[in-house]
Participant: 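The structure follows.
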2 protein chains.
Amino acid sequence: MIDPKLLIQFKAEILEIERGNIIFDYGSKAQFYYQIKTGEVKMNNFNRDGKEFIQGIFYPDQSFGEPPLFADVGYPAGAETITDVEIFRLPKDDFFDLLKKHPEAHFKISEVLASRLYYKAIMASEISSQDPEHRIVRLLDYTKTHIHKLDPEDVLEVDFTRQQIADLTGLRVETVIRACKALEKKGEIQIKKRKILR
Amino acid sequence: MIDPKLLIQFKAEILEIERGNIIFDYGSKAQFYYQIKTGEVKMNNFNRDGKEFIQGIFYPDQSFGEPPLFADVGYPAGAETITDVEIFRLPKDDFFDLLKKHPEAHFKISEVLASRLYYKAIMASEISSQDPEHRIVRLLDYTKTHIHKLDPEDVLEVDFTRQQIADLTGLRVETVIRACKALEKKGEIQIKKRKILR
DNA sequence: CACTGTTTATGATTTGAATCAAGTCGGAAT
DNA sequence: ATTCCGACTTGATTCAAATCATAAACAGTG
């Protein structure tokens, strides 16, 4: 997260986009740095038979879609708003200008990339080789500690739908539902009024 | 990749390690920046029943295990040498010192993190939702263009074993072997003397 | 060359998540 | 209150990859 004042100082504009719109497409070239002011955004892929895979869900103050600004590649996934949003958008050149003049912002960005990589590494290993229940628990635990910054003794009220959990873990809704039931029985999670608590 | 001269100037030492040794363990705290001089290193996880998942294989001039230096997390995977290696090792503080005094090196590191994230994003989406053949092709194509920097018309001689392909894609050896046979039949790859060409 | 260990190969069987089909539930809108 | 729609649920069935078992091909070594 880069200080909004700094963003504005470097000529960032604020976009207002309604729920369900595309911000950029899979494969396209990165031209802007994006940071969320309000609302939520997801980055996703669709495979040939239309199944969605969610790379990540992003919340206020988080940036997204930075990697292709640094590496010479197209976006590995598209970005779509999941609520109405306000987003800071800073052209690539101005962004690099900012990083050069404010090294501490660059270190902050490195931290963001690093922790994203950490999440991806965990999920890759889980998705590839663990059973559904374990995948889900890992996703929830990651969300709890790294997104919501809660302590282990706190209780997280998961705000993902079953479908989103499925798309984040590469499972199917029915499997997620059945796995969650099993996890509840084992006492790993609680389900109150269909809401998952962990 | 950071210029070795610069590394040495900032007091990096060179480690010589034999094949099959551990460089750091899963979950441990990052204290050094590592960059390969000669040899190969892999980062991997093991799940409860001993199945290995390879997060990545790293070659000369590549660095590895940087994310936990930036984000406050333990290593998401362990690192192990797969050949005899010589490795530059720079203490964390000196590494940050270097980045501060040489912003261009910092941009280079950002590029590395970014392209690694790109690879992870691709593989995550593949692993979660595509068939074995597709996963393998994607892995080979990524390796071809991004690791070996070959053009599409060039032919890559894959130097992974079937087992390594399995561990990188989250499949099992037998499945990889059968999928490769099928891919050969379809003309997607060639197999000459058990070596895969793509 | 014979011996050893690793990698590749192939067939038979099992298994668990995906798929298919048909619901229910709950909240928002009319 | 009734309709409507998205989210959640449950059971039966299928199917592809994992598993198990076994062996051939090859690379390296004394």
Side-chain angles (χ1 to χ4, degrees), chain A residues 19-20 40 42 46-54 57 82-84 126-137 139 157-185 189-197, chain B residues 18-20 40 42 46-54 57 80 82-84 126-137 139-140 157-186 189-197:
Chain A
R19 167 192 180 132
E40 294 174 23
K42 67 178 171 186
F46 293 92
N47 70 6
R48 271 188 305 310
D49 23 89
K51 183 172 187 279
E52 181 176 10
F53 177 76
I54 299 179
I57 296 182
I82 49 184
T83 64
D84 293 353
E126 286 298 319
I127 287 178
S128 90
S129 50
Q130 302 284 358
D131 60 301
E133 293 177 26
H134 208 266
R135 289 196 216 182
I136 294 170
V137 170
L139 172 70
E157 289 197 23
V158 179
D159 60 346
F160 295 140
T161 64
R162 303 287 191 274
Q163 184 64 58
Q164 284 179 329
I165 293 175
D167 294 339
L168 282 160
T169 52
L171 297 167
R172 315 245 70 150
V173 216
E174 299 95 325
T175 307
V176 169
I177 288 165
R178 288 189 252 254
C180 284
K181 291 268 157 84
L183 285 169
E184 191 195 17
K185 198 160 288 172
I189 61 172
Q190 286 141 267
I191 302 180
K192 291 226 171 97
K193 291 178 20 100
R194 303 176 145 208
K195 211 175 187 54
I196 295 169
L197 308 180
Chain B
E18 289 182 352
R19 167 191 179 134
E40 294 174 24
K42 68 179 171 185
F46 294 92
N47 69 7
R48 271 187 306 308
D49 24 87
K51 183 171 186 282
E52 180 176 10
F53 177 75
I54 299 180
I57 295 182
E80 187 182 327
I82 49 185
T83 65
D84 292 354
E126 286 298 319
I127 287 178
S128 90
S129 50
Q130 302 285 359
D131 60 299
E133 293 177 26
H134 208 266
R135 290 196 216 181
I136 294 170
V137 170
L139 172 69
L140 299 184
E157 290 197 23
V158 179
D159 61 344
F160 295 140
T161 64
R162 305 286 192 274
Q163 184 64 59
Q164 284 178 330
I165 293 176
D167 294 340
L168 282 160
T169 52
L171 297 167
R172 315 246 70 150
V173 216
E174 299 95 324
T175 308
V176 170
I177 289 167
R178 288 187 251 256
C180 285
K181 291 268 157 83
L183 286 169
E184 191 194 17
K185 197 160 288 172
K186 289 180 191 167
I189 63 173
Q190 286 142 266
I191 301 180
K192 292 227 171 97
K193 294 183 10 104
R194 303 175 144 208
K195 212 175 185 53
I196 295 169
L197 308 180

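Just so we're on the same page: letters track the sequence lines, and every chain starts at 1. None of the values given here were measured: they were computed from a predicted structure.
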Participant: By the definition side chain to side chain contact (heavy atoms under 4.5 Å, CB included), identify the one residue from B/I165, B/I127, B/I136 that meets it with B/L171.
Facilitator: B/I136
Participant: Nearest 0.5 Å, what's the CD-CD distance between A/Q190 and A/E184?
Facilitator: 8.0 Å
Participant: Dot-bracket for DNA chain C, 5' to 3', counting Watson-Crick or G-U wobble pairs under 3.5 Å, with [ ] for crossing pairs and | for inter-strand pairs?
Facilitator: ||||||||||||||||||||||||||||||
Participant: Roughly how many Å is it from CG in B/D159 to C1' in C/dT6, rounded to a whole number?
Facilitator: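 Going from B/D159 (CG) to C/dT6 (C1'), I get 17 Å.
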Participant: Would you tell me if any nitrogen or oxygen in the side chain of A/K181 comes within less than 4.0 Å of OP1 or OP2 on D/dT10?
Facilitator: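 Looking at the OP1 and OP2 atoms of D/dT10, one of them is under 4.0 Å from a side-chain N or O of A/K181.
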Participant: Measure across B/R162 and B/V173 and return the closest heavy-atom pair with its distance rounded to 0.1 Å.
Facilitator: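 Minimum heavy-atom separation between B/R162 and B/V173: CB-CG1, 4.0 Å.
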Participant: Measuring from B/E52:CD to B/L168:CG, what's the distance to the nearest 0.5 Å?
Facilitator: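 Here the rounded value is 9.0 Å.
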Participant: Just the rounded figure in Å: distance from P of D/dA17 to CD1 of B/I127.
Facilitator: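 Roughly 14 Å, once rounded to whole Å.
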Participant: Just to verify, which of B/I54, B/I196, B/I57 counts as forming a side chain to side chain contact (heavy atoms under 4.5 Å, CB included) with B/F160?
Facilitator: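 So, applying the side chain to side chain contact (heavy atoms under 4.5 Å, CB included) to B/F160 and each of B/I54, B/I196, B/I57, only B/I57 qualifies.
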Participant: Tell me, which of residues 173-180 of chain B have any heavy atom that sits under 4.0 Å from an atom in DNA chain D?
Facilitator: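 Those residues whose heavy atoms fall under 4.0 Å from DNA chain D, taken from residues 173-180 of chain B in numerical order, are B/E174, B/T175, B/R178.
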Participant: Report all interatomic pairs (protein N or O, nucleotide N or O of nucleotides 25-30 of chain D) with separations under 3.5 Å.
Facilitator:
residue	atom	partner	partner atom	Å
D/dA25	O4'	B/R194	NH2	3.4

Participant: Within this structure, what is the CD-to-P distance between B/Q163 and D/dA18, rounded to whole angstrom?
Facilitator: 12 Å
Participant: Begin with the C-alpha distance, continue with both residues' side-chain angles, and end with the deciding distance and a verdict on side chain to side chain contact (heavy atoms under 4.5 Å, CB included) for A/V158 and A/L197.
Facilitator: CA-CA 6 Å; A/V158 179; A/L197 308 180; over 6 Å; no
Participant: Counting side-chain heavy atoms from CB outward, which of C/dA9, D/dA7, D/dT9 is closest to B/R162?
Facilitator: C/dA9
Participant: Would you compute the distance between atom OG of A/S128 and atom CZ of A/R135 and round it to the nearest 0.5 angstrom?
Facilitator: 8.5 Å
Participant: Is A/T83 reaching over with its side chain to a backbone N or O of A/R19, donor-acceptor style, under 3.5 angstrom?
Facilitator: no
Participant: How close do B/I189 and B/C180 get, counting heavy atoms only, and between which atoms?
Facilitator: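 For B/I189 versus B/C180, the nearest heavy atoms are CD1-O, 3.6 Å.
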Participant: Figure out the CG/C1' separation between A/L171 and D/dA17, and round it to whole Å.
Facilitator: 16 Å
Participant: Tell me: CD1 of A/I82 to C1' of D/dG6, nearest whole Å?
Facilitator: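 Taking atom C1' of D/dG6 as the reference, CD1 of A/I82 is at 16 Å.
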Participant: Rounded to the nearest Å, what distance is computed from the CG atom of residue A/D131 to the C1' atom of nucleotide C/dA18?
Facilitator: 16 Å
Participant: Roughly how far, to the nearest 0.5 Å, is CD of B/E133 from OG1 of B/T175?
Facilitator: 11.0 Å
Participant: Roughly how far, to the nearest 0.5 Å, is the OG1 atom of A/T161 from the CZ atom of A/R194?
Facilitator: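 Between atom CZ of A/R194 and atom OG1 of A/T161 there are 12.0 Å.
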Participant: Let me know the distance between CD of A/E184 and C1' of D/dT9, rounded to the nearest Å.
Facilitator: 13 Å
Participant: To the nearest angstrom, how far is A/I191 atom CD1 from D/dT9 atom C1'?
Facilitator: 11 Å
